[in-house]
> 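Structure below; questions to follow.
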Amino acid sequence: MTHQSAVKLGITPRLFAERFGDSAAQAAPGAVFNHPDALAGFAADCEVLTFEHERIDIGLLKALEDTGVLLRPGTKTIQAAFDKIHQRRVLKNRGFQVPAFAEVRGPDDVFDFASEHGWPVVLKTVRAAPPGELGVWIVEDRHEAMKVLAERSNLQLMAEELQAIVKEMVVLVVRRPGGNTRCYPIAEITNQDGACKEIRAPAAVGKRLGAEVVQVALDLANALDTVGVLAVELFLTTEGLVVNELAARPHNAGHWTIENCPTSQFENHVRAVLDLPLGPTWSNAPAAVTINVIGTLDGIDPARHLPEALAVEGAQVHLYGKLPRPGRKLGHVTAVGHDIETARALARRAEAALHGRRPS
Ligand code: ADP
């Protein structure tokens with residue numbers, strides 16, 4: 001989608017993809033598939049380098065930046081966005097509210113954390129979870145903690161205090177080099193089986209809370225000196241506002257901006273990394289709802305049901321051309337309308353159609 005936005009502006013994007021068949025590679029002719037060692041040669045031919053996920057070696061990016069490659073956002077932002085322990089420390093040091101957390105090197109670190117903060121404990125991966133896998137486990141006791149640690153011994157984990165979440169929100173800020181910023185309307189998200197399922201924009205928040213959320217996001221974008229889209233995930237808890245996570249790239253919770261904003265998050269990301277004027281970020285229609293199309297246990301490809309989904313007039317269907325696997329995000333549908341309920345009903349019908357069922 002970033003690639004398509006660049007093409008629209010007459011820019012020639014080049015893609016460095018992990019493997020043939022990656023969703024982005026299907027949209028980007030001439031993609032380069034190679035070993036990370038080939039990245040330097042690829043980067044030498046580019047004016048500016050950006051990325052769309054976090055499963056990249058930070059050392060590799062730092063080395064490129066040190067040789068003069070223009071990386072946007074830069075490694076200061078990347079480190080805070082890619083490494084959740086570093087992220088928590090940076091945010092805490094700068095006075096942002098984050099859940100209590102600790103590094104986990106072994107079971108004792110979890111037990112010590114639980115004696116201080118109580119069970120359940122949230123265990124999560126420090127780096128992005130492998131594609132299609134969940135990276136968060138809520139463990140009730142020592143036994144469950146040991147089980148997760150044993151099963152995930154290949155991953156670096158951290159412990160976190162369980163938050164009493166009232167609402168989950170995501171706000172996207174886009175920032176140009178030098179500090180010019182724009183902020184999209186706040187979106188509210190609902191999870192299902194640990195994965196983001198539904199995104200509603202605007203979030204149902206009062207003026208005062210909304211202003212607080214936007215201020216946190218703008219302060220964060222400036223503190224990290226980011227360039228491009230910064231997605232700030234926040235929890236409204238019974239204790240107040242807490243920053244959950246940052247992503248320094250276009251975000252799944254911002255797909256609705258394609259249909260309902262004058263400038264999508266993808267186009268504004270491209271504009272920002274090229275230091276071009278940013279476009280307006282307001283909503284056209286009063287409400288937008290996006291529902292992620294997530295692979296089901298039966299392994300059926302939603303593309304098989306495309307005709308039924310396209311028959312839901314007004315819903316916008318996006319399929320990513322991925323191999324269907326349970327739990328994997330295979331696409332999304334967005335609907336816009338006069339109010340959230342109308343948009344949601346339409347999006348639900350199209351999403352259900354893609355799974356070959358009626359809306360629940
Ligand atoms: P991911 O990188 O997989 O999106 P997140 O840190 O955003 O991981 O967590 C995914 C979901 O897990 C969140 O949207 C939230 O519902 C839940 N979660 C994460 N951390 C906590 C926490 N400390 N307390 C309660 N729920 C949490």
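As the structure lists them, so they are numbered: ligands from 1, and atoms in each ligand from 1.
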> For T290, does its backbone N or O pair with a side-chain atom of H332 as donor and acceptor, under 3.5 Å?
no

> Apply the side chain to side chain donor-acceptor pair (under 3.5 Å) test between R175 and each candidate in T181, D225, N180, T77; give the one that qualifies.
D225

> With respect to Y184, which candidate in T263, T281, N268 satisfies the side chain to side chain donor-acceptor pair (under 3.5 Å) definition?
N268

> Go through the structure and list residues passing salt bridge (charged side-chain N to carboxylate O under 4.0 Å, His left out) with R271, not counting sequence neighbours.
E267

> For F266 together with H255, are the ring centres under 6.0 Å from each other?
yes

> Could you name the protein residues that come within less than 4.0 Å of ligand 1, counting only heavy atoms, and order them by chain and residue number?
K84, V122, K124, V136, E160, E161, L162, Q163, I165, E168, N191, E233, F235, N244, E245

> May I ask you to check if R142 and F111 form a cation-pi contact, with NZ or CZ under 6.0 angstrom from the six-membered ring centre and within 45° of the axis?
yes

